[in-house]
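Both backbone and side-chain heavy atoms feed into the values below; hydrogens, waters and symmetry mates do not.
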Amino acid sequence: AISKRWAPALLLLVVLGVVFDWVRPDSILRGRNSRTWVGELTRSRSNLSGAIEAFQRMGPEALPLLQELLETERSEVRAAYAEKFASLPRKLQAILPDPSLDAVGIRARAVAVIGKLGVHARPAIPWLHRAVTDPEAEVRIEAVVALGVLHAEATDDTVLLLSAALFDAESLVRENACYALAKIGPEAVPAVLVLGRVVRGSDEPMRLLAIGALEAIGSDTGDVIAILEEASRSGSASVRERALRAMESQSRNLETKVSL
């Protein structure tokens with residue numbers, strides 16, 4: 001039996017455990033602790049919107065959990081279960097645990113959630129930088145999208161990595177890298193010459209997106225104007241028209257600055 005002398009101390013430990021380990025997370029995470037929400041991110045059928053909201057509420061405390069997910073590696077057991085689960089009758093599937101996503105899907109979801117954390121994601125920007133060069137396109141796509149969403153937290157390394165991503169093998173990576181540079185705006189000046197290479201390329205959708213990014217970056221450097229002027233003489237009507245619109249926009253912006 002427990003000595004009466006130790007009973008108050010043990011009671012205090014229990015109370016502290018409840019307050020700091022159960023009550024606090026549950027009170028901000030819809031009655032579910034943080035590990036439960038981590039599980040939601042890893043399952044193929046999950047309450048994804050609820051999990052995202054929960055991680056947003058966690059704020060900085062979400063980062064260690066998401067970092068763990070970013071380090072997820074392929075599991076043969078997980079893959080075998082998912083394959084077998086898919087072949088089972090639906091009635092049997094209904095009573096069995098849902099299979100987890102594969103490692104790529106888990107990493108991609110973790111990256112996507114980081115992009116939704118706002119200012120709390122600042123310490124995780126280097127993780128997103130590494131994800132931009134992930135071997136899997138699904139992860140790279142989410143990484144460039146997240147860096148665009150977190151454009152206010154962009155660094156010089158962010159701009160350099162997004163510039164390199166303009167030539168990724170996956171079209172969605174290239175396109176979203178352009179969008180991200182446009183959102184970063186004037187701070188993306190180091191990407192101007194690389195965007196110029198894209199404008200002079202043969203991929204017309206990317207040429208148009210690159211012109212849009214140059215327009216967002218602005219004409220404070222002569223390089224932007226030179227690239228747009230060259231594009232305005234392109235053999236492609238769409239490229240010419242887009243370049244002319246960008247030049248008109250730059251001219252209006254310059255007039256506004258002068259009048260101020």
Side-chain angles (χ1 to χ4, degrees), residues 25 28-29 32-44 46-75 78-79 100-185 187-188 190-191 194 213:
I28 61 170
L29 304 178
R32 303 170 69 179
N33 63 41
S34 57
R35 286 290 168 184
T36 303
W37 289 114
V38 169
E40 286 287 350
L41 281 186
T42 63
R43 294 210 310 271
S44 56
S46 64
N47 178 8
L48 186 56
S49 60
I52 291 172
E53 181 184 346
F55 278 98
Q56 288 173 326
R57 291 187 182 187
M58 289 184 217
E61 295 176 8
L63 295 181
L65 301 171
L66 294 169
Q67 186 176 28
E68 288 180 24
L69 294 179
L70 286 175
E71 296 169 356
T72 302
E73 296 181 355
R74 176 177 169 78
S75 165
R78 185 167 54 230
S100 296
L101 296 170
D102 59 18
V104 176
I106 291 172
R107 295 204 307 275
R109 276 194 179 175
V111 168
V113 173
I114 290 172
K116 299 180 185 300
L117 296 183
V119 294
H120 299 307
R122 186 173 298 153
I125 295 298
W127 307 346
L128 297 180
H129 288 170
R130 287 193 292 273
V132 172
T133 59
D134 192 277
E136 301 295 338
E138 183 180 351
V139 178
R140 298 198 303 277
I141 292 168
E142 293 294 353
V144 293
V145 169
L147 288 171
V149 173
L150 299 170
H151 56 88
E153 309 299 331
T155 66
D156 290 344
D157 286 342
T158 305
V159 174
L160 291 175
L161 284 164
L162 290 172
S163 298
L166 294 172
F167 303 98
D168 194 275
E170 170 57 50
S171 62
L172 285 175
V173 174
R174 299 194 300 270
E175 292 167 6
N176 282 290
C178 249
Y179 288 128
L181 289 169
K183 289 179 179 178
I184 293 170
E187 299 302 318
V194 183

Minimum side-chain heavy-atom gap Leu65-Arg35 below 4.5 Å: yes

Close side-chain approach of His129 to Thr155, heavy-atom, < 4.5 Å: yes

Testing the basics here: between [X] and [Y], what is the closest heavy-atom pair and its distance to 0.1 Å?
| X | Y | answer |
| --- | --- | --- |
| Ala103 | Thr72 | CB-O, 3.8 Å |
| Gly115 | Ala146 | CA-CB, 3.7 Å |
| Val159 | Pro190 | CG1-CB, 4.1 Å |
| Ser163 | Ala191 | OG-CB, 3.2 Å |
| His120 | Gly59 | CD2-CA, 3.7 Å |
| Trp37 | Gly50 | CZ3-C, 3.5 Å |

Side chain to side chain contact (heavy atoms under 4.5 Å, CB included) between Leu117 and Leu66, worked out: CA-CA 11 Å; Leu117 296 183; Leu66 294 169; 3.7 Å; yes

Side chain to side chain contact (heavy atoms under 4.5 Å, CB included) assessment of Ile52 paired with Val113: CA-CA 6 Å; Ile52 291 172; Val113 173; 4.1 Å; yes

Evaluation steps, side chain to side chain contact (heavy atoms under 4.5 Å, CB included), between Val144 and Asp168: CA-CA 11 Å; Val144 293; Asp168 194 275; over 6 Å; no

Donor-acceptor under 3.5 Å (Arg174 side chain, Ala169 main chain): yes

Arg140 side-chain N/O to Pro135 backbone N/O, donor-acceptor pair under 3.5 Å: yes

What distance do [X] atom [atom1] and [Y] atom [atom2] have between them, rounded to the nearest 0.5 Å?
| X | Y | atom1 | atom2 | result |
| --- | --- | --- | --- | --- |
| Leu150 | Lys183 | CG | NZ | 9.5 Å |
| Leu181 | Leu162 | CG | CG | 5.0 Å |
| Leu147 | Ile184 | CG | CD1 | 7.0 Å |
| Glu187 | Thr158 | CD | OG1 | 11.0 Å |

Residue list, side-chain contact (heavy atoms from CB on, under 4.5 Å) with Ala124, at least two apart or on another chain: Leu63, Ile114, Trp127

Whether over 12 other heavy atoms sit under 6.0 Å from Glu170 CD: yes

Thr42, Leu41, Ile106 screened by side-chain contact (heavy atoms from CB on, under 4.5 Å) with Leu101, the one that passes: Ile106

Salt bridge flag under 4.0 Å for residues Arg109 and Glu40: no

Step-by-step side chain to side chain contact (heavy atoms under 4.5 Å, CB included) determination, Ser34 to Glu61: CA-CA 9 Å; Ser34 57; Glu61 295 176 8; over 6 Å; no

Non-neighbouring partners of Glu175 that pass side chain to side chain donor-acceptor pair (under 3.5 Å), sequence neighbours left out: none

